[in-house]
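Remember, predicted model here, so these are calculated numbers, not experimental data.
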Amino acid sequence: MLGTVALLAACLSLPMEVPLGESFWDTYIYIDGAHRLSIGQEIYRDFHAPVGPLNYILFDLLSSVFPHGNVALVIQWCMMLVTMPVALVIGLHALERGTFAAFGLLLPYLAFSILPFNVTSWNAFPGVDGFAYYNRHSSVLLYLLVATLFFVRSRLVLVGLVTVLLLSLAFVKINGFAVAGILLAFALVSRRISVSASLAVAALCLLFVGVLEVLTGSVSAYLQSAWRLLDANDGVLLTNLVTTVSAHFDVILVASLLAAYLLYSRWRGGENLLTGFDRAHPRAPTPGQLDQDWLWVGVLAIANTVFESQNFGGAAFISAWPLLLVFLLAAEPERRMRVSPLPVLVALIIFPTATKVVHSAARAAATGLKDMTIETEHLPSSMRFSAKDLAVEAAEKARPIMAAGRETYGQYAEANILPAYWLYFDHRFQVNVLTTMDEVIGAIRSREAELGHHYEVIDLRDFANPVTAVMGRTPARGVSIGGDPYRAVLPLTPEETAALSQTDIVLLPTCPLTAAREKLHDRYAEAYAGFNRIVLTDCFDALEHPQFASQ
């Protein structure tokens with residue numbers, strides 16, 4: 001663990017360049033959200049976000065210590081400020097069962113905490129996955145929660161760890177907290193956790209939340225924002241569940257087979273593996289009749305399916321791995337080593353997820369050696385990325401075509417379709433987002449110098465607004481960051497409309513025009529009444545506040 005800390009600190013101390021990956025939107029939302037918090041804006045009051053505040057707080061904290069660390073790595077690793085101490089405590093408890101148990105928990109934790117790659121990829125080219133960070137963080141937190149339930153015997157330590165993990169899940173992404181509730185409810189009815197311990201966890205969580213609410217009022221604002229998002233997205237759960245089952249059918253099928261095999265073993269008189277696991281290290285209270293190996297497999301499969309239906313990508317189903325380690329430790333050594341259904345089924349659950357992530361990391365590291373630096377003039381060293389030379393060159397050639405073809409792309413947007421089905425996963429598009437952002441920062445500074453303007457309050461009508469963080473300016477209040485107009489943009493209140501109307505300049509990306517960008521503009525158009533539309537670059541228009549017209 002100390003070696004890992006030293007290695008990661010060394011990586012963040014240097015201005016590292018990482019290969020740009022698909023759909024890099026969430027990287028920008030972290031930059032945007034953390035900057036807003038750092039200048040005193042209140043989350044869920046001054047701006048809305050689709051996830052909890054802990055993500056932005058930890059990112060801001062770690063990036064302040066390592067200002068030159070690549071943002072994609074800082075975002076990926078910032079949750080380790082919470083999870084690493086938890087993993088260390090769990091590992092020390094697991095060490096009582098031998099080094100195989102301790103490292104069996106530690107190594108997967110480190111792999112999925114360190115590697116910024118998702119299980120699912122939609123692009124043939126390798127690169128760092130700049131989205132679904134909070135999905136990966138939630139998956140690791142759930143992994144540690146399950147490990148705590150099975151490996152920690154001290155009631156005091158268990159209460160402390162479960163409290164920390166529950167609160168972290170609640171303030172990372174609320175549906176991860178809901179899935180943790182499913183797991184803990186089953187742990188309670190199966191007596192894997194006692195009633196007194198559950199009450200202690202609930203009391204500590206409520207105490208923390210109550211104090212936070214009294215001091216800041218942020219908890220009620222967070223819950224209200226989450227409820228508004230849920231209300232705007234009702235009716236999609238069933239569709240998402242079908243998508244999840246189809247995308248992860250391999251793991252779900254094998255998990256079902258494992259549950260069936262364990263149930264069949266019980267019917268044939270075989271011992272409950274959890275009983276064997278607890279025998280040498282008895283726990284209080286004694287687990288009940290529902291504490292069955294096959295039932296736990298089923299509950300974890302269902303819980304992970306529900307979780308993944310709201311968290312596409314990420315690190316699906318790794319929270320079941322501590323239970324699989326329990327099975328291997330509980331099985332007799334000869335049964336563990338010989339070719340039997342148990343180790344085969346365990347391996348078939350683990351390998352698809354493990355090999356996909358490790359394969360993505362290996363490809364990105366190997367092919368990244370030949371990548372071309374994406375040259376930018378105004379972006380900080382923490383936003384240095386590379387890409388395939390053909391992607392960079394194609395992006396450069398595509399920009400003037402997109403700029404000249406506004407009418408054509410506008411027709412695509414009007415038809416509510418993308419000009420290419422996988423546009424957001426295309427590395428050329430992500431290169432364009434980065435380079436055109438760099439160009440518009442230069443254009444703003446040039447216009448300010450030429451006309452004597454100063455645009456203090458800047459908005460960017462796109463998924464997120466990292467421009468203000470780079471320029472050290474003030475982001476517009478009253479917006480939804482993570483601005484997906486189809487599911488994550490809340491209707492404006494009169495107060496938010498009034499706040500937005502005080503924006504100095506609103507940036508409108510046009511390379512290319514897309515339905516999402518046009519819908520975002522339309523959602524906020526009421527606040528921009530009377531603004532003057534100007535052209536900043538070939539790929540950015542802007543709406544300028546009327547106060548600048550006379551200057």
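- The stretch residues 497-507 participates, sequence neighbours left out, in these side chain to side chain donor-acceptor pair (under 3.5 Å) pairs: Asp504-Gln547.
- In the displayed structure, Glu456 atom CD is contacted under 6.0 Å by more than 12 heavy atoms of other residues, nucleotides or ligands.
- With 3.5 Å as the limit, one finds a donor-acceptor pair spanning the side chains of Tyr455 and Arg447.
- Annotation: Arg399, atom CZ; neighbour count of heavy atoms from other residues, nucleotides and ligands within 6.0 Å is above 12.
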Evaluate salt bridge (charged side-chain N to carboxylate O under 4.0 Å, His left out) for Lys388 paired with Asp371, printing each intermediate quantity in order.
CA-CA 5 Å; Lys388 296 285 176 289; Asp371 278 0; 2.8 Å; yes

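- In summary, the side chains of Ser381 and His68 do present a donor paired with an acceptor at a separation below 3.5 Å, with no hydrogens or angles considered.
- Two rings, from Trp321 and Tyr109, have their centers 6.0 Å or more apart.
- Glu213 and Ser220 form a side-chain donor-acceptor contact under 3.5 Å, judged by distance and modelled atom types alone.
- Residue pairs satisfying the disulfide bond (SG atoms under 2.5 Å apart) criterion with at least one member in residues 456-544, sequence neighbours excluded, are listed as follows: Cys511-Cys539.
- Ring geometry, His453 versus Phe548: the interplanar angle falls from 30° to 60°, so the pair is classed tilted.
- Close placement of the Tyr30 and Tyr133 rings is indicated, their centers lying within 6.0 Å of each other.
- Note: Phe24 and Phe131 fail the aromatic proximity criterion, with ring centroids not under 6.0 Å apart.
- Between the CG atom of Leu141 and the CG atom of Leu165 there is a distance of 6.0 Å, given to the nearest 0.5 Å.
- In this view, Glu17 and Arg384 satisfy the salt bridge (Lys or Arg N to Asp or Glu O under 4.0 Å) rule, not counting sequence neighbours.
- Among residue pairs with one or both ends in residues 42-80, none qualify as disulfide bond (SG atoms under 2.5 Å apart); sequence neighbours excluded.
- Atom CG of Leu2 has 12 or fewer heavy atoms from other residues, nucleotides or ligands within 6.0 Å.
- Evaluation of the side chain to side chain donor-acceptor pair (under 3.5 Å) test over residues 506-519, restricted to residues two or more places apart or in two chains, returns Arg406-Thr510, Asp462-Arg517.
- Every residue two or more places apart in sequence or in another chain that forms a salt bridge (Lys or Arg N to Asp or Glu O under 4.0 Å) with Asp459 is listed here: Arg461.
- With sequence neighbours excluded, the residues forming a side chain to side chain contact (heavy atoms under 4.5 Å, CB included) with Leu543 are Val506, Leu508, His521, Tyr528, Phe531, Arg533, listed by chain and number.
- With sequence neighbours excluded, the residues forming a side chain to side chain contact (heavy atoms under 4.5 Å, CB included) with Ile39 are His35, Gln41, Thr474, Pro475, listed by chain and number.
- With sequence neighbours excluded, no residue forms a salt bridge (Lys or Arg N to Asp or Glu O under 4.0 Å) with Asp538.
- The aromatic rings of Tyr409 and Tyr412 sit tilted relative to each other, their planes meeting at an angle between 30° and 60°.
- Applying the side chain to side chain donor-acceptor pair (under 3.5 Å) test to pairs two or more places apart or on separate chains, those with a residue in residues 69-78 are Gln76-Arg136.
- Listed by chain and residue number, Arg473 satisfy the salt bridge (Lys or Arg N to Asp or Glu O under 4.0 Å) test with Glu448 (two or more places apart in sequence, or in another chain).
- Atom OG1 of residue Thr83 and atom NE2 of residue His137 lie 8.0 Å apart, to the nearest 0.5 angstrom.
- Rounding to the nearest 0.5 angstrom, the gap separating the OG1 atom in Thr4 from the CD1 atom in Ile114 is 5.0 Å.
- A search for side chain to side chain contact (heavy atoms under 4.5 Å, CB included) contacts involving Ala464 returns Tyr28, Ile29, Asp32, not counting sequence neighbours.
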Ser121 vs Asp129, side chain to side chain donor-acceptor pair (under 3.5 Å): CA-CA, chis, key distance, verdict
CA-CA 8 Å; Ser121 178; Asp129 288 326; 5.2 Å; no

